[in-house]
Structure formats: structure tokens, C-alpha cells
**Student:** 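Take this structure, written in C-alpha cells, and hold onto it; I'll ask about it next.
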Amino acid sequence: MKLLTHNMLTSHVKGVTKGYPLLIKATEVKVNEVEFNPQFVSRMIPKLEWGALVQAAEELGHRQDLPGELVQDYEKNEDFLKKVHRVLLEVEVIEGCLQCPESGREFPISKGIPNMLLNEDEV
Amino acid sequence: MTWSRLQGELTGSKNTIKTSSPALGVTRKREDAMRGSDEQSREGEKSLVEFRSTGGERKEEIDKQRSGGQNGVSTMAQKRKRDEEEKERKVAAWDTGIEKTVEKGKACEEERTREEEAEGMLEEFIDCTHGAYVNGGGPVCDHTASRLEHRGASSSRKMDDIVKDFTEESQENVKTTGEKNQTLLTTCEDKPELLSCIPVSFRISCKCSGSLSRCLGAQEVSRVIGAGLSRLLGWKADLKNPQLEINVHLSDDYCLLGIPLTRLPLANRSYIKITGLRSTTAWAMASLAHIQPGFRVVDPMCGVGTILIEAAQEHKDACFLGVDIDEAQLQKASENIAFAELENRINLLKASSLVLPVPSATVDAVICDLPFGRKFGSRIDMAANLPLVLTEMERVLRPGGILVLLLSPQLSCLLKKLLIQYDTGPTSNPETKPQTGMQNCPSSSRSPSKKQTFQIHSGVKSSPSQETKLQHSLPFTVSSLKHQATFRVSLGAIDGLIHKYVKTDCCVFRDVMF
């Protein structure tokens with residue numbers, strides 16, 4: 001699971017009102033080398049929840065020097081875009097789990113794919 | 001960009017194209033020589049023009065031609081034909097003068113038709129690009145090979161590219177312009193020896209369907225056409241390795257003759273390992289979603305990921321999320337994505353489409369091939385869950401987001417019932433009692449209607465998280481999905497319907513309700 005995906009996910013357990021962002025508990029993290037596409041990164045940034053991204057990167061210990069606030073004029077700031085690129089696309093959680101911040105319910109991540117199926121009683 | 005990709009896919013079958021083009025060239029010259037005079041060639045052009053202007057029928061033929069994968073059809077006919085052809089060649093030795101002329105006329109007609117078909121195919125491609133149209137009727141032919149009737153809206157630019165890239169050399173021979181005809185005519189007259197100097201080996205693959213199949217056998221037709229062609233053009237029938245394949249389809253409504261330009265079906269993809277939905281259909285659906293850079297696209301029932309892969313190949317600056325409930329499917333999707341080297345842009349998630357773990361209004365496009373029912377191996381009862389599935393899809397879409405669905409005809413009907421046309425404006429009556437799926441309203445018309453609002457009838461109480469647009473005190477939910485278009489596609493054995501919706505700004509409804 002990449003952090004780009006994590007940024008889009010929320011807990012949907014019944015009754016939970018604040019299910020975003022999900023906490024990450026990773027047991028296996030991989031860093032891949034992914035071709036840098038500045039257009040892609042700069043297009044994705046406005047859609048991201050920046051705080052959630054930073055928090056997630058922090059949890060994985062891969063935050064490095066990612067700023068806590070979104071930089072102004074990031075489109076032309078290649079340095080910044082590269083940092084975002086790394087965190088969004090290169091860091092990947094292979095094994096671990098996602099946790100609902102409110103209910104504590106854990107969703108396992110296996111082979112890079114999170115399993116967010118709910119049980120009957122949780123829907 | 002699309003068609004250069006397609007061209008890449010077709011490089012393997014370039015040989016076929018090259019071998020067919022001289023044949024077409026020869027044929028063209030032949031025809032012109034036979035017509036022999038300016039007048040006749042003008043007539044020929046006229047008939048071509050008429051041909052071009054005939055409507056619906058031709059479009060179907062074009063689509064069939066596009067599929068190119070008629071080879072599945074041909075194998076059966078071939079086997080039958082093998083013995084027949086042997087006998088035929090012996091019989092063909094004798095010729096009476098009268099027969100020759102008669103057959104010449106007939107074969108000429110056939111030849112011209114075939115030529116025109118090939119040309120018409122290209123011309124019609126350009127003609128029928130503008131928008132899409134709903135095919136309510138039209139014969140549904142059962143082909144053994146799956147084919148696509150691609151009616152998705154494509155820009156005329158793309159169509160021009162088809163003419164350029166797809167047919168390469170053959171295009172030059174096939175394109176009809178007045179000057180061309182004249183040039184060819186004069187060249188012919190100067191060099192009559194060209195006419196028969198290039199013998200082409202061919203094979204006829206014939207299929208008869210409809211009531212016609214009861215009185216005419218495919219092998220009979222193949223034999224007649226094959227014999228006529230041989231006699232007329234000096235071409236040799238070769239069943240094992242012909243240079244040119246000619247496909248014939250006779251049905252109750254039309255006679256289709258054509259030459260497949262590729263050996264492999266158009267849907268063949270080098271970058272997909274495990275096939276699911278036919279790639280051409282998947283591509284068509286993705287193109288309907290008008291994906292822009294930076295888009296987040298979700299397929300809530302992604303299966304092996306075909307739609308996402310096709311979309312991702314086309315749109316390099318968007319990101320895609322595939323959701324599926326089935327582990328096996330997700331594993332295959334994962335393999336496919338890795339094989340296509342798209343891991344950085346397509347992500348997978350195991351979840352239920354009934355309860356998507358995605359915040360509301362965060363997705364730019366939802367594209368989905370809904371399971372058709374038990375026949376297609378679906379675990380859930382699709383019909384019962386359709387309202388819920390639809391609600392979730394609508395919820396995650398942002399205002400202005402696009403929804404593209406592929407449904408079976410039955411599900412499509414159900415969908416239309418669920419989204420019933422409702423009177424717009426403040427006179428809308430919120431007190432109507434909800435039925436399990438129906439309301440006493442005039443049912444929506446079949447034709448695509450723009451600027452009409454719809455309602456979803458659902459027995460499920462809206463959950464609190466959907467606070468943006470729903471009143472949970474009301475027994476039904478107001479849908480903000482605006483129907484844009486419907487397209488009918490063939491999926492081989494059955495047809496499917498592609499529905500396209502846009503999510504409107506739902507705040508409008510809230511004010512109206514109060």
C-alpha cells in the first residue's frame with residue numbers, strides 16, 4: 001500500500017464519525033525506485049490531505065525532511081516535488097495493518113493490499 | 001497517442017497488412033480496367049458515394065471490421081471447405097463464354113462491393129465519429145468469436161489516425177478521390193500486364209446466420225464466391241496459408257464482405273497477462289470518463305483490473321484505485337499490474353463495493369463493469385444490491401465527477417427503474433410513499449436525455465456520513481446523478497450497456513427540498 005492510497009482511505013465502521021486518517025502499523029516496509037513524473041506529483045498534491053500524508057510518513061519513519069506545511073509555488077520546486085514523490089509513490093507498506101483512529105479496529109495489509117472488508121456486525 | 005499505441009500492438013501483424021495491400025491495389029486496377037471508360041468509373045464513384053451515405057447498416061459492418069478477429073469464425077468454415085475447394089478447382093477448368101460474362105458481372109459486383117466495403121469502412125469511420133448514438137434496434141448477430149461494436153465517442157482526430165496508421169499502405173489504394181480513380185485508370189490502360197501479374201492466394205471464410213442459414217450453407221457460399229474470385233482474378237485458393245483472408249457474413253439483413261487487416265483481434269494487448277473484460281470495451285469505458293491529469297479514478301469491482309490498466313495506459317498523470325472483494329481476482333489484478341509495469345499508479349484494495357472505505361466526494365471518476373449475475377460468476381446477487389452499490393458510487397464521487405457503468409441488459413433496466421425521472425423544481429413532492437423500487441411517476445424514456453434529474457429509490461436509510469445531501473428523515477434519497485448517455489456493446493455471447501452519468505452539485509437539491 002502506497003501512501004498515496006492511504007491518503008484516500010477512511011474507516012467506515014458503523015457509528016464511526018472520525019475515521020480519517022487511518023493509523024498505520026507496519027511490519028514490513030519497502031522503498032522502491034519509481035520514475036519521477038513531476039506533472040503527476042504536482043497534479044496530485046492539491047487533492048491530498050497534507051497533514052495526513054505527513055503523519056503517515058512519520059509513522060513509517062520515512063518522513064525525512066518533508067515539511068509540515070505545503071510549500072508555496074510547489075509546481076516549480078523540483079526539490080520539493082521529489083520529496084513528495086518519494087513519500088507518495090516510493091514508500092510502500094507490504095505487511096502490517098491500518099487502524100481506525102476511533103474504534104481501534106484493525107485492517108490487515110498483506111502483500112501490499114489492505115483488507116478493509118467489514119464483518120456483518122460492523123456494517 | 002492511443003492509435004500509436006495500437007500501432008505498436010499491431011507491429012506483429014504488419015506482414016498481413018503488407019500482403020493485403022498489393023492485393024487491394026491489384027483489385028483496384030482490375031476494376032478500373034474492367035470498367036474501361038470514364039463514364040463507368042464515374043458510375044463506380046457514384047455508387048461508392050451512395051454506399052457511403054447509407055446509414056446504420058454500414059456502421060455495424062464497420063464495427064465488425066474493426067474487431068478484425070473473424071478468424072474464430074473462419075476455422076469451422078475452413079475445415080468444411082477444404083474438401084469442397086479441391087473438387088471446385090477441377091470443376092473450374094471448364095468455362096463457357098456466357099457463363100464467364102455473367103459471372104464476371106456478378107463477381108465484379110462482388111468485388112466492387114468488397115472494395116467498397118473496405119473503403120467505406122474507412123470513410124464511414126470518419127463520418128460516424130461525431131458523438132455516439134444509441135442503438136436501440138439492430139440485429140444482434142451471434143458470432144462465435146467475440147467482437148466489439150464500438151460506439152464510444154471518439155474524437156475525429158483519432159479517427160483520422162486510424163485512417164493513417166491502421167491501414168498504412170492499403171489506405172492509398174483504397175481511399176477514393178476522383179483524381180485517384182483517374183490516375184489508376186490511366187496507369188492501368190498503360191500497363192495492362194499489371195492486371196494479372198500478381199497472383200494472390202486467398203481463402204474465404206463464410207458464416208451464414210438467421211433464416212438464411214437454413215437454405216444456404218456456408219460452404220456453398222464460400223464455394224461460389226471462391227470460384228468466382230478465382231476465375232475472375234486468377235487468384236489461387238489456399239486454405240492453409242493464404243495471403244488474403246476474406247470473411248463473408250450473410251444474415252437476414254445484410255451481406256458483409258470484408259478483409260480482416262490484422263491477424264490478432266483488436267483487443268489483443270501485449271501488456272495484459274490475464275484477460276478479463278475485452279480490452280477494447282474497457283478502453284471505451286475509460287475514454288467516456290474523460291480522465292484529466294490529477295484525477296483519482298476508482299473501480300469498485302475491478303476484477304483483474306482491465307479497465308484500470310487500459311485507463312492508466314492512456315492517462316499517465318492520473319491515479320487509479322481498484323477495489324475488489326475477491327482475493328483471487330485481486331491477486332490476478334496484482335499480476336496484471338506488475339506485468340504492465342503500472343504499480344506506481346494503480347493501487348489495489350480489498351473491500352466491498354457496498355461499503356467503500358473512501359471519504360465522500362473525493363473521487364473524480366468511477367468506472368465499473370458490474371457483474372452480470374450468476375452466469376458471470378458473481379457471488380452477490382447483483383440485482384438486490386444495485387441500489388446500494390449505486391449509492392456508494394455516487395457518494396464517493398465529487399460534484400462534477402463521472403460515473404461509467406457496464407451492465408447487463410437486465411441490470412440496465414433495473415437501473416433505469418431505480419433512477420426514475422422526476423419533476424425538477426420546487427413542485428417536487430417529497431411525501432410520496434416509497435415502494436421497494438418504483439414510484440408513480442412517468443417512467444424515463446429510453447433515449448439518452450440530458451438535463452433531467454433522477455431519484456434513487458432505496459429501502460436503506462441514508463447513513464449519517466452522507467450529510468452533504470441526504471435528509472434521513474425522508475424515506476428516499478435524492479440522486480444527483482445526471483444521465484448523459486447509454487451505449488450498447490457486444491460482449492460476444494450477449495450484449496452489454498454502458499451508462500454514463502455525471503454527478504451534479506447536490507446542494508441545489510437541498511435548497512429545493514426546503
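Source: prediction; values computed, not measured. Naming: A, B, ... by sequence-line order, numbering from 1 per chain.
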**Student:** Given heavy-atom pairs under 4.5 angstrom as the criterion, report whether the side chain, backbone, both or neither of A:L9 touches chain B.
**Tutor:** both
**Student:** Name the region of B:V396, side chain, backbone, both or neither, that has any atom closer than 4.5 Å to a heavy atom of chain A.
**Tutor:** neither
**Student:** Tell me, with the steps shown, if B:M393 and B:L397 meet side chain to side chain contact (heavy atoms under 4.5 Å, CB included).
**Tutor:** CA-CA 6 Å; B:M393 289 180 184; B:L397 275 174; 5.7 Å; no
**Student:** Checking heavy atoms, do the side chain of A:L98, its backbone, both or neither come under 4.5 Å from chain B?
**Tutor:** neither
**Student:** After noting the C-alpha distance and the side-chain angles of B:L481 and B:V502, does the key distance pass the side chain to side chain contact (heavy atoms under 4.5 Å, CB included) rule?
**Tutor:** CA-CA 6 Å; B:L481 290 175; B:V502 169; over 6 Å; no
**Student:** Which heavy atom of B:L342 sits nearest a heavy atom of B:A312, and at what distance?
**Tutor:** CD1-CB, 4.0 Å
**Student:** Under the rule for side chain to side chain contact (heavy atoms under 4.5 Å, CB included), what residues qualify as partners of B:V323, not counting sequence neighbours?
**Tutor:** B:V298, B:L321, B:L349, B:A351, B:L356
**Student:** Any chance you could lay out the side chain to side chain contact (heavy atoms under 4.5 Å, CB included) test for B:I309 and B:F339, step after step, and finish with the verdict?
**Tutor:** CA-CA 10 Å; B:I309 292 174; B:F339 189 73; over 6 Å; no
**Student:** Can you pull out the donor-acceptor contacts between chain B and chain A, under 3.5 Å, including backbone atoms?
**Tutor:**
from: B:G294; atom 1: O; to: A:K47; atom 2: NZ; distance (Å): 3.3
from: B:R296; atom 1: NH2; to: A:K47; atom 2: O; distance (Å): 3.2
from: B:D317; atom 1: OD1; to: A:N37; atom 2: ND2; distance (Å): 3.1
from: B:E343; atom 1: O; to: A:K2; atom 2: NZ; distance (Å): 3.3
from: B:N347; atom 1: OD1; to: A:T5; atom 2: OG1; distance (Å): 3.3
from: B:N347; atom 1: ND2; to: A:T5; atom 2: OG1; distance (Å): 3.3
from: B:K350; atom 1: N; to: A:P114; atom 2: O; distance (Å): 2.9
from: B:K350; atom 1: O; to: A:M116; atom 2: N; distance (Å): 2.6
from: B:P357; atom 1: O; to: A:T10; atom 2: N; distance (Å): 2.8
from: B:D364; atom 1: OD1; to: A:K47; atom 2: NZ; distance (Å): 2.9
from: B:D364; atom 1: OD2; to: A:K47; atom 2: NZ; distance (Å): 2.7

**Student:** Is there a side chain to side chain contact (heavy atoms under 4.5 Å, CB included) between A:I45 and A:L81? Walk through the geometry before answering.
**Tutor:** CA-CA 9 Å; A:I45 287 174; A:L81 290 178; 3.7 Å; yes
**Student:** Report the distance from atom CG of B:L386 to atom CG of B:L419, rounding to the nearest 0.5 Å.
**Tutor:** 8.5 Å
